[in-house]
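Note that this is a predicted model, so its numbers are computed, not measured. Whatever order the structure lists ligands and atoms in, that order sets their numbers, starting from 1.
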Amino acid sequence: MAKRMLKFIETAQRTPAKRDAESRRQDFDEIYGAYAPDMAAEQAGRCSQCGIPFCQIHCPVSNNIPDWLKLTAEGRLEEAYALSSATNNLPEICGRICPQDRLCEGNCVIEKGFDSVTIGSVEKYITDTAFEMGLVKPPVPRQERDQSVGIIGGGPAGLAAAEQLRRKGYQVHVYDRYDRIGGLLVYGIPNFKLDKWIVARRVDLLTEGKITFHCNFEVGRDASLPDLQKRHDAIFIATGVYKARDISLPGAGLDGVHQALDYLIASNRKGLGDDVPLFDNGTLNAKDKNVVVVGGGDTAMDCVRTAARQGAKSVKCLYRRDRKNMPGSEREVRHAEEEGVEFIWLSAPEAFLGGDAVSSVRAIRMHLGDADATGRQTPQPISDSNFSMDADIVIKALGFDPEEIPTLFDTPELEVSRWGTIKIDFRTMMTNLDGVFAGGDIARGASLVVWGIRDGRDGAENIDAYLRAKEAGESWPDRKLAAAS
Ligand code: FAD
Ligand code: SF4
Ligand code: SF4
């Protein structure tokens with residue numbers, strides 16, 4: 001093994017420089033800087049090159065982490081980039097926003113007492129540097145193919161599928177109802193986690209590779225699914241999940257009570273320089289206001305941290321379970337606390353109070369009771385434990401469900417699960433409709449960017465196998481399954 005590795009004993013874990021909380025609150029810029037080459041090499045060199053790398057096992061795209069860490073430690077950036085980009089279409093994005101504490105880094109088995117290797121930061125360094133060196137190229141196929149694929153949705157799942165299919169030579173068209181491509185990467189996730197030019201840089205590259213993007217094109221309004229089936233040889237549905245879960249509490253209809261995504265989209269659009277009347281007139285702007293966010297997932301974390309940056313008077317996060325049982329990343333909670341957010345654990349709202357507009361929230365304390373069928377303890381209210389807090393804005397961040405896709409797409413025969421996600425054959429990712437595939441959040445439920453990428457890549461492999469079989473006049477999936485057996 002190269003002498004450069006196994007340095008975790010003598011070298012402490014160091015992330016790229018993190019901006020102090022006060023300066024972070026003044027703008028929406030990313031909070032971490034970049035590694036200098038020697039620091040990236042030093043940190044990559046802390047890896048002990050495990051025979052069975054648990055980091056890789058817990059990475060949804062099975063990144064070959066130990067090998068690209070070793071190449072980085074040796075300063076062989078070009079090779080590290082080649083290896084890292086072979087399994088991930090958006091490594092610079094995953095390096096920034098994967099919840100590494102629950103995935104690769106949380107499973108890094110460096111000896112107890114030593115902090116994990118900073119895998120995400122090194123992944124980000126490799127690709128950002130590769131971009132600077134001009135190593136990141138548009139997808140150019142060796143040979144063009146006549147068959148075309150229509151992809152509905154330009155989020156991470158759609159983008160990964162588009163790039164993989166283009167590399168195989170297909171004519172790829174991506175349809176998205178928004179005016180910009182990127183899905184939640186652009187309109188959900190705030191700038192301080194992922195700068196928007198990083199997403200645009202990828203989209204430019206794919207456009208250069210002759211993927212055709214149709215923005216402001218809503219399937220269900222501008223075309224039905226059967227219309228697109230006539231235009232293309234196969235379809236990949238990657239529309240994400242956007243129906244906000246709600247709570248029907250007294251006062252839920254008061255002015256000032258908003259859905260999380262409306263609030264985040266307004267903030268992201270403002271950052272992109274768009275005209276946003278509901279932000280400018282103060283409706284979706286937290287400046288000088290008392291803000292209460294309800295929920296404990298990634299979306300809630302993004303809302304509280306956005307409110308802190310908009311200059312809110314106070315920001316509170318109300319979550320019915322405790323810190324240990326929250327779905328959001330622990331790292332994000334720490335960032336939010338540093339930025340002045342107050343977490344009120346084991347508490348749930350009972351009513352939103354006020355005249356026309358909300359002015360306070362009445363909440364109740366909870367305790368964790370018996371475990372449910374999933375093994376998770378159910379929160380139970382503690383009687384006579386009510387309390388109130390001032391609130392000029394309440395943001396509901398309770399998660400998302402799928403929209404009614406069969407109705408929207410004018411395809412009632414498209415099968416969905418009882419949760420409303422599109423049903424797919426888990427081996428082939430094909431829906432019950434011939435040549436129509438699906439992946440990302442719309443097939444698996446609200447998830448993560450890196451799982452969307454994984455689905456896009458797997459979807460592309462399956463669509464390729466399907467189209468080759470179709471061209472050869474063979475049936476599918478029998479052909480694929482026969483080849484695999
Ligand atoms: P999306 O990203 O939702 O993209 C779907 C696209 O389909 C959208 O562009 C939409 O406009 C388009 N579309 C929908 N319907 C139609 C239609 N009828 N016609 C045409 N186009 C349509 N994950 C992480 O890994 N890390 C994070 O830090 C993180 N933070 C998050 C913060 C927030 C606020 C939210 C809401 C989610 C976050 N996630 C995070 C989850 C992650 O963003 C999603 O899991 C991921 O984006 C799903 O990818 P997707 O491609 O399936 O869908
Ligand atoms: Fe870790 Fe995500 Fe990168 Fe995989 S893609 S190595 S989980 S940061
Ligand atoms: Fe290296 Fe940690 Fe992965 Fe082991 S688990 S190969 S030490 S990064």
Should the ring pair Y32 and H335 be called parallel, tilted or perpendicular, given that the plane angle runs from 0 to 90° and is split at 30 and 60? perpendicular
Could you check whether the rings of H214 and F217 sit parallel, tilted or perpendicular, using 30° and 60° as the cut-offs? perpendicular
Please step through side chain to side chain contact (heavy atoms under 4.5 Å, CB included) for the pair F213 and D176, ending with a clear verdict. CA-CA 8 Å; F213 290 104; D176 202 292; over 6 Å; no
What protein heavy atom lies closest to [atom]? Include the residue and the distance to one decimal.
atom: atom 28 (O) of ligand 1; answer: K193 NZ, 2.8 Å
atom: atom 3 (Fe) of ligand 2; answer: E123 OE1, 2.2 Å
atom: atom 7 (O) of ligand 1; answer: G153 CA, 3.2 Å
atom: atom 32 (C) of ligand 1; answer: D302 OD2, 2.9 Å
atom: atom 41 (C) of ligand 1; answer: S447 O, 3.3 Å
atom: atom 11 (O) of ligand 1; answer: D176 OD1, 2.7 Å
atom: atom 21 (N) of ligand 1; answer: R177 N, 3.1 Å
atom: atom 4 (Fe) of ligand 2; answer: C59 SG, 2.4 Å
atom: atom 34 (C) of ligand 1; answer: L264 CD1, 3.4 Å
atom: atom 27 (C) of ligand 1; answer: I97 O, 3.6 Å
atom: atom 2 (Fe) of ligand 2; answer: C98 SG, 2.4 Å

Using a 3.5 Å cut-off on N or O atoms only, is [X] in polar contact with ligand 1?
X: D298; result: no
X: G188; result: no
X: V219; result: yes
X: L184; result: yes
X: Y242; result: yes

Ring pair (Phe, Tyr, Trp, His ring centres under 6.0 Å) contacts touching residues 36-68 (sequence neighbours left out): none
Should we say atom [atom1] of [X] is surrounded by more than 12 heavy atoms from elsewhere, each under 6.0 Å from it?
X: K210; atom1: NZ; value: no
X: R14; atom1: CZ; value: no
X: E79; atom1: CD; value: yes
X: E78; atom1: CD; value: no

Closest to [atom] (judged by heavy-atom distance), picking from [options]:
atom: atom 40 (C) of ligand 1; options: I189, L408, I93; answer: I189
atom: atom 47 (O) of ligand 1; options: G183, P156, G155; answer: P156
atom: atom 23 (N) of ligand 1; options: V449, D179, D441, I453; answer: V449

Atom indices of ligand 1, in the order listed, that fall short of 4.0 Å to a heavy atom of [X]:
X: Y175; result: 20 (C), 21 (N)
X: A238; result: 5 (C), 6 (C), 7 (O)
X: F217; result: 19 (N), 20 (C)
X: G440; result: 52 (O)

[X] heavy atom under 4.0 Å from ligand 1:
X: G452; value: no
X: F409; value: yes
X: Y187; value: no

Let me have the donor-acceptor pairs involving side chains of residues 271-279, under 3.5 Å, with sequence neighbours excluded, atom names and distances please.
| from | atom 1 | to | atom 2 | distance (Å) |
| --- | --- | --- | --- | --- |
| D274 | OD1 | R180 | NH2 | 2.8 |
| D274 | OD2 | R180 | NH1 | 2.9 |
| D274 | OD2 | R269 | NH1 | 2.7 |

Within the side chain of [X], is there an N or O that forms a donor-acceptor pair under 3.5 Å with the backbone of [Y]?
X: D227; Y: S224; value: yes
X: D455; Y: G440; value: yes
X: D302; Y: G188; value: no
X: R46; Y: T11; value: yes
X: E105; Y: I119; value: yes
X: K137; Y: L135; value: no

Modelled atom types, side-chain donor and acceptor of D434 and Y466, under 3.5 Å: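 Looking only at side-chain atoms, Y466 and D434 do form a donor-acceptor pair, the distance falling under 3.5 Å.
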Close to atom 3 (Fe) of ligand 3, meaning under 2.8 Å, how many protein N, O or S atoms are there?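 Under the 2.8 Å cut-off, the count stands at 1.
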Specify side chain, backbone, both or neither for H58, according to which of its non-hydrogen atoms lie closer than 4.0 Å to ligand 2. neither
I need the full list of salt bridge (Lys or Arg N to Asp or Glu O under 4.0 Å) pairs touching residues 230-239, with sequence neighbours left out, sorted by first then second residue. none
Only residue of R305, R24, E30 satisfying side-chain contact (heavy atoms from CB on, under 4.5 Å) with F192 is R305
Does R19 pair with D27 as a salt bridge, N-O distance under 4.0 Å? yes
